[in-house]
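Because only heavy atoms are used, hydrogens play no part in the values below, and waters and symmetry mates are left out as well, while side chains stay in. Below, chains carry the letters A, B, ... as their sequence lines are ordered, and counting in each starts from 1.
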Amino acid sequence: MSEVKARTELLRLGMELARHDRLYHAEDAPEITDAAYDALRRRYNDVAAAFPGLVGADDPAAKVGAAPGGGFAKIRHGVPMLSLDNAFGPEDFTEFCARIRRFLGLDEAALGFVAEPKIDGLSISLTYEHGRFVQGATRGDGTEGEDVTANLRTLKDLPLRLKGEAPARIEIRGEVFMTKADFLAMNAAQESAGEKMFANPRNAAAGGLRQLDARITATRPLSLFAYAMGEASGPVAETHWEYLERLRAWGFTVNPLSRRIADAAAFQAEVGAARAGLAYDIDGVVYKLDDLALQRRLGFVGRAPRWAIAWKFPAEQATTVLEGIDIQLGRTGALTPVARLVPVNVGGVLVRNATLHNADEIARKDIRIGDTVIIQRAGDVIPQVVGPVEGAPRGAAAYVFPAVCPACGSAAVRAPGEVVMRCTGGLACPAQVEERLIHFVSRGAFDIEGLGEKTIREFHEEGLIGGPADIFSRLPLLEAEIAVREGWGALSARNLVAAIAQRRGIGLARFIFALGIRRIGEANAKLLARHYGSYANWRAQMAAAVVIGSEARSDLGSILGIGPAIAEELAEFFAEPRNVAALDALAAELTIADAEARGGGELTGKSVVFTGTLETLTRPEAKAMAEKMGARVTDSVSKKTDLVVVGADAGSKARKAVELGVRVLSEAEWRALAGGGGGG
DNA sequence: ACCCCTCGAGTTCT
DNA sequence: CTCGAGGGGT
């Protein structure tokens, strides 16, 4: 096919696919069969793969799932995508089994496990409705991922339609990866084309999946193994192994090494020996309790299931020389020592820096400048300095942590009982001010497009902005000056000014978070916004709360989740006149929206205790009701308890509630209040 | 005086 | 991702 013909073909196929996507997703009125759709899609992918140079960003077929503002739309996972606890040796695995036995009250009974190699790729979630693939998302932070449906549709291993019977709606989880051979071939092709090369298969897979243009993804050799169950609208299997067999029957590829095992240590050794010869990278083996009913009973602790564990292979290590230790400054003034290393390749990534955390850590590991040190990247991504290589020549002297801030010269102090050293310079420390500005424009805060870390540093160092208010009061007046800066142009300067203008309106929670007050992260900012409602009220109450013992201070402390340390931190911020002046200057530039009315009902965020015998509800029902309304249920009454529901024969808890002045409800009153959430 | 959990802060590299 | 610290509960 000639390039001209290919171009026409791609355009035609692209428009057609876009039309069918729309009919299918938005109008729910497909005109062609799934098989016909698949054939179209395959044809499209083939042409796109043969002529990668033709793929552009304007093709309608590439746009499914893309967010309006570019990037990907966010998708909330029905069931969070959790992480796994790690094991590093047989003792960890034994302890894992013991924990399961303890929890389930099983003594000698053998536990059946399914073992699966842990692929070093990207976790994804796939949703099928009536057997058809409708949506795919990345793991993201576990709660919310990115919609990469269009990209996933291009994977050869992904069935667009499940073979045979399937529940009406089912979510399937798997791992997208690139084989070592595909990676090498692709990198060779990229190199000869003068294109960007990837450091390792994992990055290559990530890069391929996160293309904004699905046609580029189609040209990347991505593979997929399915391995886990998310939500399903009907029963699928009774054991994990049966479930894997269902996946195979539906048309997924399941890792062929997966199997039921009796001896984890033996399997671990077997896979470890086979590791180098496998077609893909793995970093361990996942062991899952086979019986799904037992899995349900075990449930989760924190962010990980109790019924599975990832037994990791020993971390990849490398040795290099510690050239020096730099001190980095955080926005709260924390001084963090960072190791500057002679660049070394660890597990496919060139490592130059590694955090040393704090002075204690350096002393404990006895790390000195000039040492030959061991670097490792364990299950995580972040490199660590393990310690000096034994027997190698040592650096001269023990490291002495600086007593003053390297940026401003103010004293560096360590609060009693704390580990970190902090600069006492506050607003007088330019480095702290700069870090705070970076936080101010960061993603969860003002998130101004075109104003990233690098730009902020430049603007701050050159005196264009001294504080957050300047972003709004000064930068828009400097459009002409910015336009002639290196790397800028008239268009980008205009866009920046527009982006700034757009952010003059902001929600209260984001605004509070953006201030960068210590201990006030996203969650606490939201608590404050909900409690105070409006900026004016918050500002007034905080100013009043500076006085210890004031009514405003105790009101602040009464917020569930806000304790004395956080209240003190806020009071300190407002006690500093320069902070208040900067805050007022900033607020004058903005329109700060009131916090959205408390979601749901008056129970949101409240702490509820049930006591006595409930007559029309079981305890689990009552608990589910409360949680559905956003409340938190505990067993004991304290002064942070908002509500005590008293059943028959209530004892000391009811008395305590009265003593503490906590609102008391009868079961009937509770039902009236929470009625909406019943049955759950 | 504990334990468990959530939140915050800091960090690496592509 | 990991650590430390705060908050709330027992």
Could you tell me how far apart R340(A) (CZ) and dT12(B) (C1') are, to the nearest whole angstrom?
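Result: 11 Å.
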
Please state how far atom CZ in R210(A) lies from atom P in dT14(B), giving the value in whole angstrom units.
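Taking atom P of dT14(B) as the reference, CZ of R210(A) is at 16 Å.
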
Pair R457(A) + E453(A), salt bridge at N-O below 4.0 Å
yes

Salt-bridge contact E572(A)-R518(A) (side-chain N to carboxylate O under 4.0 Å):
no

Check whether any side-chain N or O of [X] sits under 4.0 Å from OP1 or OP2 of [N], and answer yes or no.
| X | N | value |
| --- | --- | --- |
| R518(A) | dA9(B) | no |
| T332(A) | dG10(B) | yes |
| N353(A) | dC13(B) | yes |
| S607(A) | dG9(C) | yes |

I'd like to know whether CD of E551(A) has more than 12 heavy-atom contacts from other residues, nucleotides or ligands below 6.0 angstrom.
no

Tell me which pairs pass salt bridge (charged side-chain N to carboxylate O under 4.0 Å, His left out) where either residue lies in residues 339-368 of chain A, with sequence neighbours left out.
D326(A)-R340(A), D360(A)-R414(A), E361(A)-R364(A), E361(A)-K365(A), D366(A)-R368(A), D366(A)-R394(A)

Short of 4.0 Å, heavy atom to strand atom, which residues of residues 567-574 of chain A count as contacting DNA chain C?
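Close to the strand, none.
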
Looking across every strand, which nucleic acid part, if any, lies under 4.0 Å from A334(A) by heavy atom: base, sugar-phosphate, or nothing?
sugar-phosphate

